[in-house]
Amino acid sequence: MNDRPRRLRVLCIEDHPLDREILRRQLEQSHVVDDTKFDIHFAPTLGEAIMLMQSRDAFDVCIVDLYLPDSRGIETLHALRKFAQDVAIVVVTGDSDVAMLRQAIYANVHSYLVKGEYSSGAIGRAILAAWERAQLERRVAEATELVRQSQAQYRALIEFLPDAVIMTNADGRILYLNPAAQELLGRTSGELVGEELLSPRRVGISGDIVIARSDGHLRYVVLRTQYAVVDGKHVHLYFLHDVTERRTLETQLRAFQRSELLGVLASGIAHDLNNLLAPIMLGVQTLLRMPHDQRTGKVLSMIEQSARRGADLIKQMLSYARSQDGQQHQPIAPARLVADVLRLHASRIPASITVDTSGLADDAPTFYADYNQMIQILLNLFANAIDAIGDQEGKIRLAAYRTESTDPRLVDKGISDTSYLVFEVADTGHGIPEEVRTRIFEPFFTTRQGAAGLGLYTVLAIVKRHRGTLHVESSSGKGTCVSVFFPLEETAQHATKTTVLVVSPSTTVRNLVRTTLEDVGAKVLEASTTAEALTTFIKVSSEVDIIVADDDEHIRIDTDKLSAIKQLKPNIHIVALCPLIVDEHVVALDGTVVDTFIPKPFTDRMILDALAPWLSRANAQKSSP
C-alpha cells in the first residue's frame, strides 16, 4: 500500500525463551521487507503485554503464542482484543489443529503460522500482510460507520420532515411512509405497505392532487415526484405538501366576499324596488279608502296584490343571496366550530390580543345548523372584536354553553320554551356608543372606513333563519359582549330503520359492505351501476337514507346520475369508495353531492365509523329488546 509506514512497531508475546530467541533472530533476518523496518518488543505473558500497550505508543502488529502462563487458547485473543482493537494479530503456535485455526479466524486473526514451518521471509511477509489487512478492515469499518451515520441522518430527516414522503416501487406499490404521510392518510405503515398508491399507468404524476383519508374527509396536497435507485432498484419518491388548511381558508374568504357582494347587490336592488313599490302600495290603499265603484275596486285590489307579490319576491331574493345557495343543516360540535374559526383567523390576530377559550363548556351540546353560516357568524363577530380593540392590548373571550328559556337575556324576546346553545364573543375594546348601538344591525351602516356595513346585518339574518336570537351588551370604554342563541333539537333525527343503497360493479365489495351494515341493523339495497342505483332510488326514495358508491377503476361513478339523486333528496348522505388519490371527476362532487370519502383498501371499521351518525338509530333498534 502507498501509505505503509517506514517502520512497524511489533510486539511479540512468547513465554518460552528458546521460541522467543528464534522469533528474534528470524525477525532480525527479515528486518527490512519492501523498505519497511520492524521495531521489535517482547513480552513473556499476556499481562506484561497489556502493560506495554498501555505504557507505550500503540503497536502496529502483535505476534502471539496461544498458550501463555496467564492465558490459554482462543481466550488469549479475546483478552488481547479488549486492549488492542486495531492491532493486526499474527498467531505463531505449535498447534496445527484445523479446529483451532478456524476459531482463530473467527476471532479476527490476520495471519496464522505454525512453529518450525515458516522462514524469516515468510514471517516478514505475514506481518506486512496482516498489517495491511488490519488497515483495510479499519477503513472499511470507518466507511461503514460513515454510511450508517449518513443513513441515520437521512432517515431522521425524512422521519421528522413535516411534509409527507411515500416511497413506492416501479409498479406504484408502497414500500415506505414517513410519520407525516401516515398522519396525512390517517393510516399506519402496517396497513399500507404493499398496497398500490397509484396504478402503473399513473406512476410519476406531479401537481395538485386530492387524497382520501380513512376518516372520510379529503385532503388537498401538492405532489412532487423524484426518481431514485435504492439497493439497485428503481423507486419513486412522492413528496406531498398538505394545502388543505390554506385551501379551506381561501374558500371561506371567497364565500365571505361572495356573501358580502350578493348582499350589497341584493340590498341595493331591493332598496330601489321598495322605493318604487312603496308609493304604489300607499297610493292604492289611499284610493281604496276613497269612494269608488265595484269595477274600480277590483282593479285597485289587483294592483295592490301584484305590488305585495313584488315585495315578497324581493324578500325571497334577499334570503337567497344571504343564504349562499341554501342551508345544509348538520350536527355541529361547538368546540370544533370555535377551533376552526380560530385556525382560520390565526394569521390575523395581533400579538397584542390574547384569546381566552376557557368559557367553552365541556358539556356544550351538539346542535343542528348550516356549518358554513355558523363559521360566517363567528368570523364576523371575531373580526369586529379585533377591530374594537385595535392596536391596544386586549383580550377576546369565546364561550359556548347551554342555557334555558328562563335566561334573563331572553326575557321579552318572544322565544319558545326550550333549551338553547349560546355562543359568546366578548372583547375589551372601546365599546359601542349608545347612539350607534341601535343601528348596528342596519344594512350598510358602519363606523369603519371602507367597510361594507353588512357584517352584523348578515349575522342577524343567519340567526333568524336558524330560529335563534341575539343579545348585545356594551359599555363605552369597557368592551362589548355579543351572545348568539340557537334552539336545540331534542328529538331524534330518524324514526325508522336506516336503509343503505350500496352501488358497486364488484359483487365482492357489495357483499362485504352488506354484511358489515346488516350486522349493525341496517337495511341494505344493492345496485351494480349508478344508472341502476338511480332507478332503484326513484322507486324507494323515501326509504333510502345513505348511498355507498364504489368508484371502480374500470367502471367509474356516473357523476350526473349521482347528482340527480342528490337533487331529488338533498338530505341523503352519499359516501364514495375511492382510491387513495381521488380522481378529479369525483373530487368535483365534494361538499355538493358526496359527503364522505372512504379510501381503498378499507375495513369494516372505517365503513362503520364513517356512517356512525346515520346508523345510530339502527344500532339502538338492534340493541332494544
Side-chain angles (χ1 to χ4, degrees), residues 184-186 198-199 202 205 207-221 223 242-245 247-248 250-252 254-255 258 323-331 370-373 375 499-506 509-510 513 525-538 541 544-600 602 606-607 609-611 613-614:
L184 175 66
L185 300 176
L198 294 170
S199 60
R202 298 185 63 198
I205 66 170
D208 295 338
I209 62 172
V210 183
I211 287 179
R213 279 177 50 87
S214 61
D215 60 6
H217 294 93
L218 296 182
R219 304 297 293 183
Y220 295 82
V221 302
L223 171 67
D242 190 352
V243 295
T244 305
E245 299 300 331
R247 180 186 176 94
T248 301
E250 292 173 349
T251 301
Q252 294 286 352
R254 284 197 298 269
R258 177 174 176 268
S323 64
Q324 300 184 57
D325 301 330
Q327 298 180 151
Q328 295 183 356
H329 285 226
Q330 59 179 301
D370 185 292
Y371 184 77
N372 289 329
Q373 292 184 12
I375 286 284
T499 300
V500 183
L501 174 57
V502 180
V503 187
S504 175
S506 169
V509 171
R510 295 201 306 270
V513 176
L525 306 176
E526 293 186 17
S528 58
T529 65
T530 320
E532 182 183 344
L534 178 59
T535 302
T536 302
F537 176 79
I538 291 174
S541 60
V544 180
D545 304 291
I546 302 170
I547 291 181
V548 178
D550 180 14
D551 186 35
D552 188 80
E553 184 175 4
H554 304 291
I555 303 178
R556 312 317 295 256
I557 288 177
D558 188 328
T559 56
D560 292 336
K561 290 181 173 58
L562 210 59
S563 299
I565 293 175
K566 192 74 170 181
Q567 291 175 2
L568 291 171
K569 192 173 184 179
N571 64 338
I572 195 170
H573 188 75
I574 298 181
V575 177
L577 306 177
C578 54
L580 279 175
I581 297 182
V582 188
D583 281 338
E584 293 181 0
H585 80 289
V586 179
V587 174
L589 305 179
D590 182 26
T592 56
V593 177
V594 177
D595 303 287
T596 304
F597 295 83
I598 299 180
K600 301 176 185 178
F602 55 84
M606 292 167 61
I607 292 282
D609 287 345
L611 301 183
W614 292 268

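Numbers here are sequence positions counted from 1.
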To the nearest 0.5 Å, tell me how far [X] [atom1] sits from [Y] [atom2].
{"X": "I546", "Y": "T596", "atom1": "CD1", "atom2": "OG1", "answer": "9.0 Å"}
{"X": "Q567", "Y": "T592", "atom1": "CD", "atom2": "OG1", "answer": "9.5 Å"}
{"X": "I598", "Y": "R213", "atom1": "CD1", "atom2": "CZ", "answer": "13.0 Å"}
{"X": "L184", "Y": "I211", "atom1": "CG", "atom2": "CD1", "answer": "5.0 Å"}
{"X": "I547", "Y": "H573", "atom1": "CD1", "atom2": "NE2", "answer": "11.0 Å"}

List for me each residue that meets side-chain contact (heavy atoms from CB on, under 4.5 Å) alongside [X], sequence neighbours excluded, and say none if there are none.
{"X": "A531", "value": "T529, K561"}
{"X": "A212", "value": "L218, C578, V582, F597, P599"}
{"X": "V593", "value": "L562, S563, K566, I574, L589"}

Could you walk me through whether D550 and R510 satisfy the side-chain contact (heavy atoms from CB on, under 4.5 Å) test, starting with their C-alpha distance in whole Å, then the side-chain angles of each, then the deciding distance to 0.1 Å, before giving a yes or no? CA-CA 9 Å; D550 180 14; R510 295 201 306 270; over 6 Å; no
Who pairs with [X] by side chain to side chain donor-acceptor pair (under 3.5 Å), at least two apart in sequence or on another chain?
{"X": "D242", "answer": "R219, T244"}
{"X": "T530", "answer": "none"}
{"X": "S528", "answer": "E532"}

With side-chain contact (heavy atoms from CB on, under 4.5 Å) as the criterion, how do V544 and I565 come out once you've worked through the C-alpha distance, each side chain's angles and the decisive distance to 0.1 Å? CA-CA 11 Å; V544 180; I565 293 175; over 6 Å; no
For a quick test of reading the model, state the closest non-hydrogen atom pair linking A533 to L501 and the distance between them. O-CD2, 3.7 Å
Apply side-chain contact (heavy atoms from CB on, under 4.5 Å) to residues I607 and L577 and explain how you reach the verdict. CA-CA 10 Å; I607 292 282; L577 306 177; 4.0 Å; yes
Decide side-chain contact (heavy atoms from CB on, under 4.5 Å) for V503 and F537; before the verdict, give the C-alpha distance in whole Å, the side-chain angles of both, and the deciding distance to 0.1 Å. CA-CA 11 Å; V503 187; F537 176 79; over 6 Å; no
